[in-house]
Amino acid sequence: MEAAARGNKKLQERVPIRRTAWRLADLAILFLLLALLLHRVLHDSGAPWRRAALACEAWFTFMWLLNVNAKWSPVRFDTFPENLAERIDELPAVDMFVTTADPVLEPPLVTVNTVLSLLALDYPAAGEKLACYVSDDGCSPLTCYALREAARFARTWVPFCRRHGVAVRAPFRYFSSTPEFGPADGKFLEDWTFMKSEYEKLVHRIEDADEPSLLRHGGGEFAEFLDVERGNHPTIIKVLWDNNRSRTGDGFPRLIYVSREKSPNLHHHYKAGAMNALTRVSALMTNAPFMLNLDCDMFVNNPRVVLHATCLLLGFDDEISCAFVQTPQKFYGALKDDPFGNQLEVSLMKVGRGIAGLQGIFYCGTGCFHRRKVIYGMRTGREGTTGYSSNKELHSKFGSSNNLKESARDVIYGNLSTEPIVDISSCVDVAKEVAACNYEIGTCWGQEVGWVYGSLTEDVLTGQRIHAAGWRSTLMEIEPPAFMGCAPNGGPACLTQLKRWASGFLEILISRNNPILTTTFKSLQFRQCLAYLHSYVWPVRAPFELCYALLGPYCLLSNQSFLPKTSEDGFYIALALFIAYNTYMFMEFIECGQSARACWNNHRMQRITSASAWLLAFLTVILKTLGFSETVFEVTRKDKSTSDGDSNTDEPEPGRFTFDESTVFIPVTALAMLSVIAIAVGAWRVVLVTTEGLPGGPGISEFISCGWLVLCFMPLLRGLVGSGRYGIPWSIKMKACLLVAIFLLFCKRN
């Protein structure tokens, strides 16, 4: 029984969202899809291209069923942090994790702003109950130096934020605009000017720092970084700030730098491995029952976010109802009309809330509060949660460290000490032992305990393991939004991120972690299984959507048809389906406060993504499964956070598609070129070759199909004639032309 049951005032409320009209629309589109399939079956000519169309449309129907399941029963969770006032002393401690992997792609200044926003959180006894751990998988002295400077800056920044009630506590965002000062704001103006000057000095110190100088003149503080390689170095743990040792009692959370040991002979498991190392290190230093994890570019946008999350973690009568609290990803400086389709506003409001009404929202890898005992692999049963009974079982699960096993036992059975930790620096040596690269060998870390290995999307897989153990999760939507991050802009960054996600999803789908198997043999609910499949089949959609997209050009080039003609009854089914689906999508965007242009941009990007990132992810994982290649974790470049507002002439024009020599652009460029060629050949045949009059040729539907693709692929067509970063490189053009030539030869022979 959670603490909420002991008081009269509720901390949270689960509110179902009505969507009767949308359910009718869901069923109407499903009826049209089934009607089109029936028409296909009843009028089957046996032509291969028509059979291919039938297979693709059957897949689209299956996808729509998954979509309907995910959206069918949405809910939201309201929180009441003001009701925590009666139980201030009961509020739990929280360990906060920030992960960074590359000081070039993820500049230290980005990480610093995220850390500063965490150190300035509003939480009772924050200096004792909160601790911030930064995992640096790049083992960069620049990152460590930046965090040391951030800790010094925080001694004035945190009091300033609390004294003046600053809403956004990431300095680069706060100082990006100048507040309006009134006659009575003299003290505030003085403080604001001083803090802005101090932050600009901090920025210059971090940006002017260079690694050789730090190693030569940084003293003993950076001696551990001498002669280290990014993929081969011992564990480095540094306590950069411990409030309990402060003479002034500054009252902000502890700050600990962690760079786990790496060896070229052992797999380090990317972000999942870093999270598991942080979990073990924090267990020996602070051992908070709850943990928050953030990517380095996701700063705190609502300083009361931990209080809101606590309402959900403590607010249910049964802790099984809330294993973790996931916040939606929101983005600052978002481009108007979402030109790259990666702001996910509608997906959150429609699909996210719908999945929250099932067994719970997915774990998305950042902006998530976890119960430590759940991360430790605690299972649910008829009588509540079940732990580990014997020392032997604890050893097999958590490893050889007696200190770690004892801390795990304390968390599992709720025997946490209420006494503040006097000196966490004394725990550094034992913490280094559990961050060793060989510590997990022979244990359950990465399988039944901690973040799960085996996929590039370790976050979603870890959440699935938690749901499969019988736990539920909650979606926390608050105003202002809990966290804000930067969405990748430009073609390469967006498609790289989507390719990584899709690769991870397919790895899960074809592994023993397949949600169908998990539902069969564990406690994953059936509708939750379908919700996971809704995301996992992203890359599987690519071959079906590519096949369907190629049918239009094929028919125009070979004088065939695959869609019903205007003289057939099936034409009106296809037309009604086309209108209904696009109207449905348009109305979703309007209801979510988005523009018609945003709706089109998202539809266009989905077509581009399917023929590029998803297709490459599908091929990559298939080749990996067959033993011909390996998937590689690709870090998405983060924008540098500054406050000076200077424009960089090297930056691309916002919202404009950019290109590089990545193979991800080859298939979609070929498809764009092919669509234009097909329309030209089809129109030439209709206008000039009037004497042939061959029966069974293409109709208006095939022209509409190719024309729609041309509209969707317009950024690629512009790239064909563009220059610089706005032009598709010649190497990509030549490879795309080769694919087009092969397809044209295929059409000619058929």
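Keep in mind the model is a prediction, meaning the values are calculated, not measured.
Salt-bridge annotation for R148 and E221: present, with a side-chain N of the basic residue lying under 4.0 Å from a carboxylate O of the acidic one. Taking the charged nitrogens against the carboxylate oxygens, E477 and R76 have no contact shorter than 4.0 Å, which rules out a salt bridge. E224 has a carboxylate O that lies under 4.0 Å from a charged side-chain N of K432, or vice versa, which qualifies the two as a salt bridge.
With rounding to the nearest 0.5 Å, the separation of CG in L348 from CG in L475 is 6.0 Å. N514 CG to Y536 OH: the interatomic distance, rounded to the nearest 0.5 Å, is 9.0 Å.
Between C139 and R230, the closest side-chain pair of non-hydrogen atoms is not below 4.5 Å. The side-chain heavy atoms of F483 and K330, taken from C-beta on, include no pair separated by under 4.5 Å. Considering only heavy atoms from C-beta on, I236 stays 4.5 Å or farther from R260 through its side chain. Looking at heavy atoms from C-beta onward, P481 lies out of side-chain contact with N302 at the 4.5 angstrom threshold.
The aromatic rings of F225 and F222 sit tilted, their planes meeting at an angle between 30° and 60°. Ring geometry for Y270 versus H268: interplanar angle over 60°, hence perpendicular rather than tilted (30 to 60°).
Only one option out of E458, E440, Q447 pairs with Y453 in a side chain to side chain donor-acceptor pair (under 3.5 Å); it is E440. Just one residue in the list L118, V134, V300 forms a side-chain contact (heavy atoms from CB on, under 4.5 Å) with M96, and that residue is L118. Of the residues listed (Q359, Q528, Q326, H467), the one engaging S473 in a side chain to side chain donor-acceptor pair (under 3.5 Å) is H467, and it is the only one. Exactly one residue among T279, T286, T99 makes a side chain to side chain donor-acceptor pair (under 3.5 Å) with Y133. That residue is T286. Between F369 and the choices V305, N293, L312, the side-chain contact (heavy atoms from CB on, under 4.5 Å) rule is met once, by V305. C311 pairs in a side-chain contact (heavy atoms from CB on, under 4.5 Å) with only one of the listed residues (D78, N83, L84, T474), which is L84.
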- Message: side-chain hydrogen bond (donor to acceptor under 3.5 Å, both in side chains), that's the test. Do D136 and Y257 meet it? Break it down for me.
- Response: CA-CA 7 Å; D136 177 19; Y257 171 90; 2.6 Å; yes
- What do the steps show when you test Y532 against F362 for ring-ring contact (aromatic ring centres under 6.0 Å, His included), and what is the final call? CA-CA 8 Å; Y532 274 110; F362 302 160; 4.2 Å; yes
- Task: Go through the steps for F77 and H308 under the test ring-ring contact (aromatic ring centres under 6.0 Å, His included), then give the verdict.
- Result: CA-CA 11 Å; F77 292 89; H308 285 278; over 10 Å; no
- Show your working on side-chain hydrogen bond (donor to acceptor under 3.5 Å, both in side chains) between R372 and S282 and close with a plain yes or no. CA-CA 11 Å; R372 188 182 287 268; S282 64; 3.0 Å; yes
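Aromatic rings of F252 and W241 (six-membered ring for Trp) have centroids within the 6.0 Å cut-off, being under it.
Cation-pi check for R280 over W445 is met; the charged atom lies under 6.0 angstrom from the ring centroid and within 45 degrees of its normal.
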